Amino acid sequence: MGVTLSVHADAGRRRIEELLQENEEPVFKRWLEIAGSSSNGHVDRGSLVGQLRELYQALRQSFGESSDSSDLRGLLAELSRSRARQGFTPTETAIVVFGLKEALYEIVENDGSPEALRGFVWFSRVIDELGLFTMESYAAARERIIIDQAEQLLELSTPVVKLWEGIVAVPLVGTLDSARTQVVMEKLLQTLVDTGSEHAVIDITGVPAVDTQVAQHLLKTVVAARLMGAECVISGIRPQIAHTIVTLGIEFGDIVTKASLADALAHALRQSGIEFVKHRGTRIAVRTVEE
């Protein structure tokens with residue numbers, strides 16, 4: 001019984017291979033039509049023809065004696081990555097693979113032989129496995145893209161600006177977590193090295209709340225800057241945040257804190273040896289004190 005089933009399966013597989021070879025153009029044309037209709041005009045037709053032609057040839061080669069599908073899987077992985085980057089949906093990507101079953105079934109139905117029908121069951125399983133592999137590759141590519149975009153947004157949301165000669169500032173907006181603290185540290189320390197600044201202002205006016213974890217992240221950043229020879233001032237301590245800090249018993253030690261960025265800048269300027277002298281009216285003269 002097992003030998004009979006094996007013979008039937010081999011005969012069915014051979015018939016499918018014959019149908020793919022004998023009817024390459026009609027099968028390919030129908031497959032192209034199915035894949036193209038699912039893309040909603042997102043992909044260039046010439047590019048799609050080239051992709052499907054490579055996949056078709058690689059699929060037929062994988063049915064050879066070696067049964068090596070590495071080239072086919074490599075093409076599917078690249079297709080998944082490119083479609084993930086171009087913004088195609090999972091459905092649009094999957095139909096590129098699964099559409100081949102529908103295209104071939106029309107040929108199998110016209111053939112009508114038992115071998116072709118049994119072979120189509122085997123062929124469907126092969127395409128299903130390739131489709132699952134394609135979706136796994138697509139999901140991995142999308143996840144990588146999301147991670148990269150998150151890192152880019154994190155860097156964009158943590159700018160380090162030069163306020164004065166020897167003074168830089170880090171205006172923070174949003175929640176400060178471990179990942180973002182690491183980015184703040186790296187960008188601040190690199191800017192200190194690049195500019196040779198000795199004073200840094202960390203402004204938390206845009207941080208909605210300060211808890212024990214946020215305070216620890218701030219302290220780590222200050223300690224890292226001190227190791228680079230720079231003194232930090234924390235600004236943006238609003239009344240609500242000050243009340244929370246006191247209630248939680250958070251100690252900033254000898255770290256200077258100011259209510260506003262302007263106060264922090266004025267403190268950093270004084271520490272740099274710059275004296276503010278008020279004159280009549282609203283003008284403020286700034287002069288450097290020679291030591």
Side-chain angles (χ1 to χ4, degrees), residues 4-142 145:
T4 302
L5 289 175
S6 177
V7 170
H8 287 165
D10 289 342
R13 174 172 175 170
R14 285 196 300 270
R15 185 55 186 154
I16 290 298
E17 293 177 7
E18 292 171 356
L19 291 175
L20 286 172
Q21 181 178 359
E22 297 169 359
N23 301 274
E24 179 173 340
E25 286 308 314
V27 171
F28 182 81
K29 183 178 179 180
R30 178 57 180 150
W31 186 24
L32 179 62
E33 180 182 339
I34 295 171
S37 63
S38 69
S39 63
N40 296 321
H42 291 171
V43 67
D44 176 68
R45 182 176 176 83
S47 175
L48 181 61
V49 170
Q51 290 175 339
L52 296 189
R53 187 69 70 182
E54 284 186 320
L55 288 173
Y56 196 93
Q57 297 304 324
L59 177 67
R60 287 190 52 199
Q61 291 175 6
S62 69
F63 294 158
E65 295 182 359
S66 62
S67 298
D68 184 10
S69 62
S70 58
D71 290 343
L72 176 59
R73 288 177 176 266
L75 290 173
L76 289 174
E78 179 57 34
L79 174 71
S80 301
R81 287 191 292 268
S82 65
R83 292 208 156 206
R85 289 192 295 267
Q86 294 170 14
F88 284 87
T89 66
T91 300
E92 291 171 340
T93 303
I95 288 179
V96 173
V97 180
F98 292 121
L100 183 56
K101 282 200 299 184
E102 181 180 343
L104 181 63
Y105 180 73
E106 297 174 2
I107 302 298
V108 171
E109 192 174 30
N110 292 333
D111 183 84
S113 65
E115 292 81 7
L117 294 175
R118 281 192 291 266
F120 185 75
V121 173
W122 163 80
F123 181 76
S124 296
R125 292 173 181 168
V126 172
I127 296 300
D128 288 343
E129 290 179 3
L130 294 175
L132 290 174
F133 171 79
T134 302
M135 294 314 301
E136 289 175 357
S137 301
Y138 176 91
R142 284 298 301 166
I145 291 172

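Every heavy atom of this structure was used, including side-chain atoms; hydrogens, water molecules and symmetry mates were not. Keep in mind that this is a model prediction, so the values were computed, not measured.
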Decide yes or no for [X] and [Y]: does some side-chain heavy atom of the first lie under 4.5 Å from some side-chain heavy atom of the second?
X: Thr134; Y: Val96; answer: no
X: Asn23; Y: Leu104; answer: no
X: Leu79; Y: Leu55; answer: yes
X: Leu20; Y: Ile107; answer: no

Within the side chain of [X], is there an N or O that forms a donor-acceptor pair under 3.5 Å with the backbone of [Y]?
X: Arg81; Y: Ala141; result: no
X: Trp31; Y: Glu102; result: no
X: Tyr138; Y: Ala94; result: no
X: Arg118; Y: Ala11; result: no

Residues at least two apart in sequence or cross-chain that pass side chain to side chain donor-acceptor pair (under 3.5 Å) with Glu54, listed by chain then number, are none
By side chain to side chain donor-acceptor pair (under 3.5 Å), Asp111 pairs with (sequence neighbours left out) Arg15, Ser113
Go through it in stages, so that I can follow the logic: the residues are Arg45 and Leu32, the test is side chain to side chain contact (heavy atoms under 4.5 Å, CB included), and I'd like the CA-CA distance, side-chain angles, deciding distance and then a yes or no. CA-CA 9 Å; Arg45 182 176 176 83; Leu32 179 62; 3.2 Å; yes
Counting heavy atoms not belonging to Phe133, are there more than 12 under 6.0 Å from its CZ? yes
What one should report as the nearest heavy-atom pair of Leu132 and Phe98 is N-CZ, 4.5 Å
Nearest heavy-atom contact between Met135 and Pro90 is CE-CB, 3.4 Å
Quick one: pull up [atom1] in [X] and [atom2] in [Y] and give me the separation to the nearest 0.5 Å.
X: Gln21; Y: Glu18; atom1: CD; atom2: CD; answer: 8.0 Å
X: Tyr56; Y: Leu72; atom1: OH; atom2: CG; answer: 13.0 Å
X: Arg73; Y: Ser80; atom1: CZ; atom2: OG; answer: 11.5 Å
X: Glu92; Y: Arg83; atom1: CD; atom2: CZ; answer: 7.0 Å
X: Gln86; Y: Thr93; atom1: CD; atom2: OG1; answer: 9.0 Å

Note to self: Between Val49 and Phe28, is the side chain to side chain contact (heavy atoms under 4.5 Å, CB included) condition met? List the steps.
What the structure shows: CA-CA 9 Å; Val49 170; Phe28 182 81; 4.2 Å; yes
Applied to residues 126-139, the salt bridge (charged side-chain N to carboxylate O under 4.0 Å, His left out) test, sequence neighbours excluded, yields Lys101-Asp128
Begin from the C-alpha positions of Leu59 and Phe123 and carry the test side chain to side chain contact (heavy atoms under 4.5 Å, CB included) through to its verdict. CA-CA 11 Å; Leu59 177 67; Phe123 181 76; 4.1 Å; yes
*Answer yes or no: is there an ion pair linking Lys29 with Glu33, defined by an N-O contact shorter than 4.0 Å?*
no
